[in-house]
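Heads up, the thing below is written out as structure tokens.
Note that the structure is predicted; figures quoted are calculated from it, not measured.
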Amino acid sequence: MYLIPLPQQIAAQDGAFSIVHNTAIVLDAAQDGIDFETAKLLQQEIEKAIAIKLPIKKGLRSERNIAKNCICFEYDQMDRETEAYKLTVTPDKITISADCHRGFLYGVSTLIQLCKTSRGEIGCVDIVDEPSYANRGYLLDVSRGRVPTMDSLKAMVDRLSLYKINQLQLYMENCLCLDGFEEIWSQTDPFLPEEILYLDRYCIMRSIELVPCIATFGHLYDLLCSVSFGKYREVDDEQAGIFTWHNRMRHHTINVADPESFTLITGILDQYISLFHSNKINICCDETFDLGKGKSAGLAEKMAYGELYLSYVNKLVEYLQNKGKEVMIWGDVLQNNREMIGKLNAEVTCLNWFYDCGAQEEIFKIFADHGLKQYACPSVSGYSRLVNAYDMSFTNIKEMAELGNEYHVEGFLNTDWGDCGSINMPALNIPCMIYGAAQGWNVEDNRDFANIDQVISLVEYGDQSKNLVGLLRELSHQDIITFNDVVFFRDYKVFNQTYDQGGIYMHEKAKNKMMQVSENQLKAAVTRCAEIIKCLKQNDSTSHTDLRQQMTEYYLAARGVALMQELTLVIKQWEYGQNVHPLDTPHEIASKLESWLMDYSKDWRAVSRESELFRIKEFVWQICSILRKYNEV
């Protein structure tokens, strides 16, 4: 069967149930408004799939036992996980059995997929299902460039719920209207408190817990570069004050030696946490690169790095625990300071992240050995790219899901970061989002990636050829020189930023990569991108009105990837003096980039607020200026 997530137990039976115009959706008399919303979701999705709108009714179980030609919701003690459900399809009726809101929603989600792929002629089947992970989350970065519209967020919540995700985190640094912090959020197209309140309620209706997620230690660029709050910055570095996407993430750790820093952060938290029903909060506390290197250097001389780190973190945790919160932090700092893990507040959940292939069990073992709760956190691998690295993301998701399951971790949180201005368009993340949901629900699903691509193509996009996601994966293989590589080139060329990471300068690393890739490889990638665009145009999904926005983003990604390879040919010739033959002149590439930017900006505004689109526009303008100066030589 073409289902994702794959149910734990499936037993096909003879016969089929046919949805017709008078098939009724019948709720149990005891069910409330949330289950009614689930029934409405089923009604809407069936109507989209086969253009038949089913009536919704309520009835006593005694009445429904003799009913035929209906889809019945029945309360049942599952004797399993609380989110478990049974879906029984017979020739006469369909029954969804569960003992909670989420169970009914997840049974409906599976039924919707069966309806979509069978066009309402659903084969008889017995499905018994429950999740591998109790907590299955998705994290979306809304602070490093792109702030989504409320309509976009609602659509994402709907999609997440249909793939059985039950937790959403919106990573925030600067994009919420908080009293007294106007100079931080006024340039970011921020969320209003009432919008978060509305989204929180909408998530509840879709059986998703909206978990607050906010930077409180490192990654505080906007706060610590402000006139009013810059005094709380650990390091006053002139280079750190130059805005680049990399500098935003690299510096700006709060000064833990100043007691007023704690007061500042708790003041932000007090306003923030009041907007959420959730008793959880992710306070991040990751990548505190500058800790102990500036104003807290005196403390760093008296205690180890990990001890200094925990002196602040544990205090913050205790503050929030006194308010009834279950606290999460990212686990990277403690992974690098393992001798201090035992001194972390024992009730904290460590978000154990690793975003590459080759995850090792050691990263889970070190927390498990101390009895700490943890989540496994992979990535959709879309940050700093125009197209996700699907091979890396799927492998990373699978490896992390298996290791997390082996160590019985508390949850599975797939992350979608916005490095480099959130250049990656939202639709490109969807296949990775879905595969993360699939592994969080059923870690025993060992279908190969080619099969998964086909299932997602059919279920999510209605693509009868089942090749759409495969085309996106092929597009990712053409992304040889990525947007991030060109960003490092720009940062050095325009701002003289070098970024020494362990003795390796990032602009030199990007230069070496550009010089080593062959002219033929780059030209072949450009040609293949053009072929992929033709295949996308001919795909079934292009004709679906509700997929028009997503298809537009796939076209833009393919054009953008091709332009990065064409641009690299020009840089190789004009900047590095290599004997290559670019496909176009520098002036022509500049014109292509500007035309692409116009279409990209239009797409951005269709799904996101204006937010920091200006930074991407500035980047393209600077690259085009460099290209036109080449022409003058």
Could you check whether [X] pairs with [Y] (Lys NZ or Arg NE/NH1/NH2 to Asp/Glu carboxylate O, under 4.0 Å)?
X      : Y      : result
Glu326 : Lys373 : no
Glu318 : Lys315 : no
Arg102 : Glu130 : no
Glu83  : Arg136 : yes
Arg144 : Asp141 : yes

Do Tyr383 and Asn424 have side-chain atoms, one donor and one acceptor, less than 3.5 Å apart?
no
Is there a donor in the side chain of Gln169 and an acceptor in the side chain of Asn282, or the other way round, less than 3.5 Å apart?
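Short answer, yes.
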May I ask you to decide if Arg609's main-chain N or O and Trp604's side chain share a donor-acceptor pair within less than 3.5 Å?
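Such a contact is found between Trp604 side chain and Arg609 backbone.
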Please determine if Arg473 forms a cation-pi arrangement with Phe394, meaning its NZ or CZ atom is less than 6.0 Å from the six-membered ring centre and no more than 45° off the ring axis.
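Relative to the ring axis of Phe394, which defines the angle, Arg473 lies inside both limits.
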Identified ring-ring contact (aromatic ring centres under 6.0 Å, His included) partner of Trp441 from the options Tyr163, Tyr133, Tyr106
Tyr106
Only one of Tyr85, Phe36, Phe104 clears ring-ring contact (aromatic ring centres under 6.0 Å, His included) with Phe73; which?
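Only match with Phe73 under ring-ring contact (aromatic ring centres under 6.0 Å, His included): Phe104.
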Can the ring centres of Tyr435 and Phe449 be said to be less than 6.0 Å apart?
yes
Distance-minimising heavy-atom pair for Ala368 and Gln374:
N-NE2, 3.5 Å
More than 12 heavy atoms of other groups within 6.0 Å of Arg201 CZ:
no
